[in-house]
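Right, one structure below, let's go through it.
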Amino acid sequence: MPQRAPTRTDAVSLAWGLAEATFFFIVPDVLLSRVVLRGWKGCLRATAAAIVGALIGGAIMFGWGAANPTQAMRFVDHVPAISTAMVDNAGARLETDGWPAFFTGAAAGVPYKVYAVHAGRLRVSFIQFMIASALARAARFLIVCGLASLIANTLKRLSLPAKYRIHAACWVLFYAWYFWKMSN
């Protein structure tokens with residue numbers, strides 16, 4: 001079966017995954033949950049690209065956390081909606097809970113980059129870190145896309161542009177709530 005060339009959406013997904021794993025503060029789920037509105041085939045390709053980007057970014061942050069943990073933690077502490085307490089709690093959770101912290105942290109709104117820095121600081125196995133990262137990123141991306149697809153299917157009478165507007169409104173509301181919650 002011939003391979004399709006990467007699309008612009010795949011390239012943007014890869015770049016967004018990399019950016020969010022390092023410095024950006026808006027998750028790739030925003031793009032991926034929009035792509036799934038057009039169908040799962042494109043969404044799965046974009047999700048794979050976002051995971052690759054996240055793994056590259058995670059490897060960078062892991063390396064930085066291993067080489068200069070103080071500087072790396074200070075950097076992530078300056079990303080919007082990340083606090084010193086969040087950084088400290090994530091490190092403590094990773095030390096006590098191990099890899100499950102990657103999954104519970106994502107559900108609690110703790111950015112992946114924070115765990116990547118701590119994994120490097122703690123000198124955990126890089127291979128284990130990459131496997132846990134891939135699984136945690138894939139799980140979250142696919143859950144969000146599944147929810148978006150489910151909602152879109154319940155709104156099947158609406159046009160795709162109307163679904164895009166609802167999608168955008170949902171993410172704006174989510175981030176308004178998230179930034180409000182993280183600032184308190």
Side-chain angles (χ1 to χ4, degrees), residues 13-33 36 46-148 170-184:
S13 297
L14 186 135
W16 200 328
L18 170 63
E20 192 269 332
T22 53
F23 65 89
F24 195 49
F25 50 90
I26 305 294
V27 294
D29 312 50
V30 174
L31 173 64
L32 300 174
S33 60
V36 79
T47 298
I51 292 167
V52 169
L55 293 177
I56 294 167
I60 291 167
M61 299 308 282
F62 179 97
W64 193 5
N68 193 336
T70 303
Q71 183 185 51
M73 284 189 276
R74 198 171 21 239
F75 174 81
V76 296
D77 189 25
H78 285 89
V79 173
I82 297 179
S83 66
T84 302
M86 179 189 287
V87 173
D88 293 344
N89 290 339
R93 243 181 285 141
L94 187 58
E95 285 185 73
T96 58
D97 299 344
W99 300 117
F102 275 80
F103 296 90
T104 58
V110 180
Y112 168 63
K113 62 184 84 35
V114 174
Y115 285 104
V117 167
H118 279 298
R121 176 186 65 83
L122 295 170
R123 306 233 184 256
V124 300
S125 161
F126 181 71
I127 298 298
Q128 288 178 348
F129 165 74
M130 294 301 279
I131 292 169
S133 295
L135 293 173
R137 300 278 78 191
R140 211 219 29 243
F141 293 163
L142 291 173
I143 288 169
V144 169
C145 289
L147 289 171
C170 288
W171 278 109
V172 167
L173 289 171
F174 170 80
Y175 270 106
W177 169 81
Y178 180 79
F179 285 119
W180 172 79
K181 179 183 174 220
M182 292 304 166
S183 69
N184 291 327

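Computed over heavy atoms, backbone and side chain alike; hydrogens, waters and symmetry mates excluded.
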Between I82 and P111, is any pair of side-chain heavy atoms under 4.5 Å apart? yes

Checking side-chain contact (heavy atoms from CB on, under 4.5 Å) against V144, which of D29, V27, V36 comes through? D29

Please name the pair of heavy atoms, one in S13 and one in L31, separated by the smallest distance, quoted to 0.1 Å. OG-CD2, 3.3 Å

Atom of P69, atom of A66 and distance for their closest heavy-atom approach: CD-O, 4.2 Å

Nearest 0.5 Å please: distance from the CZ atom of R140 over to the SG atom of C145. 10.0 Å

Student check: side-chain heavy atoms of M182 and P80 closer than 4.5 Å: no

Fit a plane to each ring of W99 and F129, take the angle between them on a 0 to 90° scale, and name the class: parallel (under 30°), tilted (30 to 60°) or perpendicular (over 60°). tilted

Contacts under 3.5 angstrom, residues 54-65 side chains, donor-acceptor by atom type, not counting sequence neighbours:
{"unit_1": "W64", "atom_1": "NE1", "unit_2": "Q71", "atom_2": "OE1", "d": "2.9"}

What's the shortest heavy-atom distance between V114 and A90, and which atoms? CG1-CB, 3.5 Å

Look at the side chain of K113 and the backbone N and O of F24, then say whether any donor-acceptor pair between them is shorter than 3.5 Å. yes

Pair L94, F102 - check side-chain contact (heavy atoms from CB on, under 4.5 Å), show working. CA-CA 8 Å; L94 187 58; F102 275 80; 3.7 Å; yes

If we only count heavy atoms from C-beta on, is the M73 to H118 side-chain gap below 4.5 Å? yes

Please give me the minimum heavy-atom distance between A72 and V117, naming the atom from each residue. CB-CG1, 3.7 Å

Taking every non-hydrogen atom, the tightest pair across V76 and V87: CG2-CG2, 4.0 Å

F23 versus F75, closest heavy-atom pair with distance: CB-CZ, 3.7 Å

Taking the side chain as every heavy atom from C-beta outward, state whether W171 and I26 have any pair of such atoms under 4.5 Å apart. no

Under the side-chain contact (heavy atoms from CB on, under 4.5 Å) rule, what do W16 and V30 come out as? Steps first, then yes or no, please. CA-CA 10 Å; W16 200 328; V30 174; 4.1 Å; yes

Output the distance between atom CD (E20) and atom CZ (R137), rounded to the nearest 0.5 Å. 5.5 Å

